[in-house]
Amino acid sequence: MAGIGLLKKFSRTTPIAFSNTFGGGGGGGGGGGQSNTHSSTFRLPVTALAAISGALSSFYYFSSPNLVRSEKVQEEESKNIALVPDKWIQFKLQDTARVSQNTQLFRFSFDPTKKLGLDIASCIVTRAALGQNAEGKTKYVIRPYTPISDPESKGYFDLLIKVYPEGKISQHFASLKPGDVVEVKGPIEKLRYTPNMKKHIGMIAGGTGITPMLQVIEAVLKNPDDKAQISLLYANVSPDDILLKQKLDILAASHPNLKVFYTVDNPTKNWRGGAGYISKDVVVKGLPSPSDDTLILICGPPGMMKHISGEKVKDRTQGELSGILKEAGYTEEMVYKF
């Protein structure tokens with residue numbers, strides 16, 4: 001698996017250097033010394049279970065008549081878009097890199113004159129052929145993922161995937177070699193974000209649940225007209241499991257409207273962040289107060305979702321709000337579950 005050299009190669013084609021993007025928090029990391037990044041501000045607890053993919057597909061979104069585009073405009077845009085919503089498209093693996101003990105980065109390439117075609121916030125769906133069913137037909141395993149590359153990038157997209165010992169599709173990804181292809185369909189729109197749609201955005205992410213949050217964070221921060229204030233509570237199993245930490249620290253240090261708080265289940269001796277379960281008190285202190293101008297986004301493992309907001313229902317719709325967010329006074333209209 002590629003190492004630092006490959007990450008440096010990636011840095012030449014990404015807005016923020018991959019060499020500064022990945023890697024865990026480290027035993028003595030914490031959030032100390034980074035502007036707006038306050039690991040030591042709270043004893044932030046969480047059941048930070050190992051990362052589950054942050055990109056669960058859903059068609060729920062906040063709509064706006066101002067976003068309706070003419071058919072002609074959409075037709076012109078589609079000529080420069082790699083994705084086709086109703087068709088499986090093959091994308092070639094360009095390279096890979098290991099970013100933590102169980103998480104890998106995968107870069108896929110396509111026509112360098114095209115963009116992938118993601119809106120904020122949306123995901124893609126991947127599938128892998130794994131054997132045949134009883135009728136002798138190809139059996140597929142399908143999984144949604146949220147790319148972490150800039151939606152405006154041309155010719156490539158990046159996926160950050162945790163590889164599980166029993167995970168059929170994550171093991172499939174881990175077995176891929178440069179030149180192999182994966183089938184992708186999308187985009188699947190989740191939350192339709194528009195600039196300044198809310199004054200305050202609170203985020204709770206666990207593990208690779210950070211991926212849809214990063215989409216929204218970067219959309220806000222790269223738009224000088226978007227004045228939204230973002231507070232992120234990011235939970236992981238250990239400091240070394242914190243994905244994208246250096247990138248988040250850089251963003252927080254250079255943007256006063258982003259504040260990041262870290263917490264881990266298994267702190268190391270020199271860890272200066274939070275430890276344990278997220279509590280109502282942590283939510284009250286670390287997230288914006290309930291109001292019509294507040295939006296809370298959450299993405300993480302099922303146990304974390306159940307504890308904090310209640311899980312989505314079987315058809316992947318939002319379901320009833322419960323858990324500590326409800327206890328803290330938030331309503332279903334203020335919360336979106338990825």
Side-chain angles (χ1 to χ4, degrees), residues 20-54 98-105 146 148 160-165 167 170 202-214 217 230-253 258-287 296-309 323-325 328 338:
N20 290 327
T21 296
F22 298 101
Q34 294 292 344
S35 175
N36 298 325
T37 310
H38 305 295
S39 298
S40 57
T41 302
F42 307 115
R43 296 297 296 177
L44 299 182
V46 115
T47 56
L49 302 173
I52 297 281
S53 171
R98 185 178 300 279
V99 299
S100 78
Q101 59 183 353
N102 54 16
T103 305
Q104 297 179 29
L105 171 72
T146 302
I148 64 168
L160 191 63
I161 297 175
K162 178 170 182 179
V163 179
Y164 294 92
S170 65
M203 300 177 172
I204 304 176
T208 52
I210 192 63
T211 56
M213 307 303 180
L214 183 64
I217 288 171
I230 304 174
S231 301
L232 167 65
L233 307 180
Y234 186 20
N236 283 274
V237 174
S238 72
D240 287 337
D241 291 312
I242 301 175
L243 304 173
L244 303 167
K245 184 179 186 300
Q246 291 185 18
K247 180 167 188 172
L248 291 168
D249 287 346
I250 291 170
L251 291 174
L258 172 64
K259 300 185 186 302
V260 182
F261 307 89
Y262 300 104
T263 183
V264 298
D265 261 1
N266 303 317
T268 53
K269 181 179 179 180
N270 296 322
W271 171 249
R272 292 179 291 169
Y277 295 97
I278 279 188
S279 65
K280 177 182 174 182
D281 184 59
V282 169
V283 167
V284 169
K285 290 180 179 179
L287 296 182
I296 305 298
L297 307 177
I298 178 169
C299 187
M304 175 181 167
M305 299 288 289
K306 183 177 181 180
H307 171 64
I308 293 174
S309 63
I324 60 175
L325 287 180
F338 281 102

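The shown structure was predicted, so the numbers you read here are calculated from the model rather than taken from an experiment.
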**Request:** Test Thr208 against every option in Ile148, Asp241, Leu243, Thr146 by the side-chain contact (heavy atoms from CB on, under 4.5 Å) rule and name the one that passes.
**Result:** Leu243

**Asked** CD1/Ile217 to CG/Leu251 distance, rounded to the nearest 0.5 angstrom?
**Response** 7.5 Å

**Message:** If you define the side chain from C-beta out and look only at heavy atoms, does anything of Leu244 sit under 4.5 Å from Leu160?
**Reply:** yes

**Asked** Between Tyr234 and Tyr262, what is the ring plane arrangement, given parallel below 30°, perpendicular above 60°, and tilted in between?
**Response** tilted

**Message:** Please give me the minimum heavy-atom distance between Met305 and Ile298, naming the atom from each residue.
**Reply:** SD-CG1, 3.6 Å

**Prompt:** How would you list, by chain and number, every residue that makes a side-chain hydrogen bond (donor to acceptor under 3.5 Å, both in side chains) with Asn266, sequence neighbours excluded?
**Reply:** none

**Message:** For a 4.5 angstrom cut-off between non-hydrogen side-chain atoms, does Gln101 reach Asp240?
**Reply:** no

**Request:** Would you give the length of the straight line joining atom OG1 of Thr103 to atom CZ of Arg98, rounded to the nearest 0.5 angstrom?
**Result:** 9.0 Å

**Request:** Provide the closest heavy-atom pair for Ser170 versus Ile161 in the form atom of the first, atom of the second, distance.
**Result:** CB-CG2, 4.1 Å

**Request:** Decide yes or no for Leu248 and Ile210: does some side-chain heavy atom of the first lie under 4.5 Å from some side-chain heavy atom of the second?
**Result:** yes

**Prompt:** So how far is it from Ile250 CD1 to Gln246 CD, rounded to the nearest 0.5 Å?
**Reply:** 6.5 Å

**Message:** Testing the basics here: between Val284 and Ala328, what is the closest heavy-atom pair and its distance to 0.1 Å?
**Reply:** CG2-CB, 4.3 Å

**Request:** Measure the shortest side-chain to side-chain distance between Met304 and Ile204 over non-hydrogen atoms and say whether it is less than 4.5 angstrom.
**Result:** yes

**Item:** Shortest non-hydrogen contact from Gly209 toward Pro212
**Value:** O-CD, 3.3 Å

**Request:** Hey, could you give me the CG/CD1 distance between Leu287 and Ile230, rounded to the nearest 0.5 Å?
**Result:** 12.5 Å

**Request:** Write down the atom of Thr268, the atom of Pro239, and the distance for their closest heavy-atom approach.
**Result:** OG1-CG, 3.9 Å

**Message:** I need the Ser231 OG to Ile296 CD1 distance, nearest 0.5 Å.
**Reply:** 8.0 Å

**Request:** First locate atom NZ of Lys280, then atom CD1 of Ile324, and finally report the distance between them rounded to the nearest 0.5 Å.
**Result:** 10.0 Å

**Asked** Do you know which two heavy atoms are closest between Leu325 and Ser309, and how far apart they sit?
**Response** CD1-CB, 3.8 Å

